[in-house]
Amino acid sequence: MAESFLFHPLDEATRRNPYELYARGRREFPVFAHPGLPLRVFSVFRHEDCQAVLRDDETWSNVFRIEETQLQSDLAALDADFGEPPPPSMLGTDGAEHARLRSLVNKAFTPRIIRRLEPRMHEIARELIHAAVQRGSVDLVEALTYPLPVTIIAEMIGVPSEDRARFKVWSDEAVSVLGTGFFGGLDFERLKRQRQLLEQMRAYFVPLAEERRRAPRDDLLTGLVQAEYEGSQLSLEEMLSMLVLILVAGNETTTTLIGNAVLELLAHPDQLARLRADRSLLPSAIEEVLRFSSPVQFDPRRATRTLELRGHKIERDDVVLCWLGSANRDEALCDRPHVFDIGRERTAHLAFGFGVHYCLGANLARLEAQVALGTLLEQTNSFERTDDSPLPLHPSPVFRGVTSLPVRLTSA
Ligand code: HEM
């Protein structure tokens, strides 16, 4: 019976090790109706089903109607204080609107442009890891996994990387409540704080955008400003939403991926030794971390019509959570899905999503993680956890990752 399946995505023990529950979900409850939530929410555990949902963007929307929840009046009060809410980023749009927004930034993420960033990634990673090795014991999140992606993204956008402490505050706050609303845990005070921070971001970016209008440079901000001017395709508000998305999507996720890579290699010393002996395995090792310990655990969608899903009647506006972390461990996806094998043949994992919203920064994230890990191996003889205590989890249930990772490093 469905009642005997206790799957609470906010429960700490579940978040630390969701894999047995995922496996049971895939076997016995491939579509699970969450009881007792303010919204009608269904979890989907199988690879085949997650992929089918993400592929069909007519039936499954990425626009969520938060105003239909009990928070409606609270949010109206926020709008009274802060004015109209910002327009959704491309992630929160569908169809032609999504295609229009995506096409405006697409060209900044082509494989050629990303490859051009590689020497700079090596430079930053070497500096950061050199400093970390000098210190001996560091929190790897502070020392490497956070500053590398944020510096790259700041340079891509064209803002001073000295401002990255500020980006961390914005980015942490923006993602802290991500996904909690589906489980009835949306905190009004946090939402209010987010709106305040958005005002700060606006105050920060508007003068920079004005500056680019006067004096264009070779950066993403100039590209966005020009996109706005040419045929007024991108409004200022849309541009701000885009910057917030890129800043946040580009940071937290990649930080998490690099941290998860270090954690999985420490948990699997044979695979770490294998990688030290053969660095050509770096790309497949990162691919395996993406599959095995996926930074983004679930990807939500809203039904646009009534339908049936594995025996469940889904009504219009019901929410489906595609558990990417489960799909990527599906027995139907690959052999021995619970084995961490850095030499595994490429799988059709869903760590970057699937379909029209497929991650725009996938190539960037892959390369950054390869450079970070490769440099760490190059500049150290060993790295290890300083103690065995449980590490603090990322506050959002969307993410699988830790916010602090104390390690001891010995120089190569
Ligand atoms: C390990 C790192 C990353 C992971 C696991 C990841 C994961 C994802 C996933 C699962 C989606 C799909 C969301 C959906 O279907 O609703 C997505 C979309 C997106 N990602 Fe990433 N991401 C990562 C890194 C990045 C980076 C570095 C950037 C940019 C600098 C980025 C930018 C975006 C954008 C803009 C979207 C929205 C695309 C759209 O709506 O068309 N991501 N990402």
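In listed order, ligands and their atoms are each counted from 1.
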What I want to find out is whether [X] reaches [Y] closely enough, with some N-O distance under 4.0 Å, to be called a salt bridge.
{"X": "Asp219", "Y": "Arg212", "value": "yes"}
{"X": "Arg274", "Y": "Asp341", "value": "yes"}
{"X": "Glu308", "Y": "Lys313", "value": "no"}

> Got the closest protein heavy atom to atom 21 (Fe) of ligand 1, with its distance?
Replying inline: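 Atom 21 (Fe) of ligand 1 sits closest to the protein heavy atom Cys359 SG, 2.3 Å.
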> Who's the nearest protein heavy-atom neighbour of atom 24 (C) of ligand 1, and how far?
Replying inline: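 Its nearest protein heavy-atom neighbour is Thr253 OG1, 3.2 Å.
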>> Test your reading of the model: is there a side-chain donor-acceptor pair from Asp318 to the backbone of Glu315, 3.5 Å cut-off?
In response: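 Such a contact is found between Asp318 side chain and Glu315 backbone.
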> Sub-3.5 Å donor-acceptor pair from the side chain of Ser61 to the main-chain atoms of Val63, do we have one?
Replying inline: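 Flag set: sc Ser61 to bb Val63 pair under 3.5 Å.
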> N/O to N/O below 3.5 Å, does that happen between Thr254 and ligand 1?
Replying inline: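 No, no N or O pair falls under 3.5 Å.
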>> What I want to know is whether Arg102 and ligand 1 share at least one N or O pair that is separated by under 3.5 angstrom.
In response: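 In this structure, Arg102 places an N or O atom under 3.5 Å from an N or O of ligand 1.
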Less than 4.0 Å is my threshold; does some heavy atom of [X] fall inside it relative to ligand 1?
{"X": "Arg301", "answer": "yes"}
{"X": "Phe354", "answer": "no"}
{"X": "Thr256", "answer": "no"}
{"X": "His98", "answer": "yes"}

>> I'd like to check which ligand 1 atoms, numbered from 1 as shown, lie under 4.0 Å from a non-hydrogen atom of Ala365.
In response: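 Ligand 1 atoms under the 4.0 Å threshold to Ala365: 1 (C), 2 (C), 24 (C).
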> Taking only heavy atoms of Ile153, which atoms of ligand 1 are found under 4.0 Å from at least one of them?
Replying inline: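 Reading through ligand 1 atom by atom, the close ones are 30 (C).
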>> On a heavy-atom basis, I'd like to know which of Arg366, His357, Met242 is closest to atom 12 (C) of ligand 1.
In response: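 Of the listed residues, His357 has the closest heavy atom.
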> What's the spacing between Arg301 CZ and Cys50 SG if we round to 0.5 Å?
Replying inline: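 It is 10.5 Å, given to the nearest 0.5 Å.
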>> Would you say that more than 12 heavy atoms from the other residues, nucleotides or ligands in this model lie under 6.0 Å from the CG of Asp218, or not?
In response: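 Atom CG in Asp218 is not crowded, with 12 or fewer foreign heavy atoms closer than 6.0 Å.
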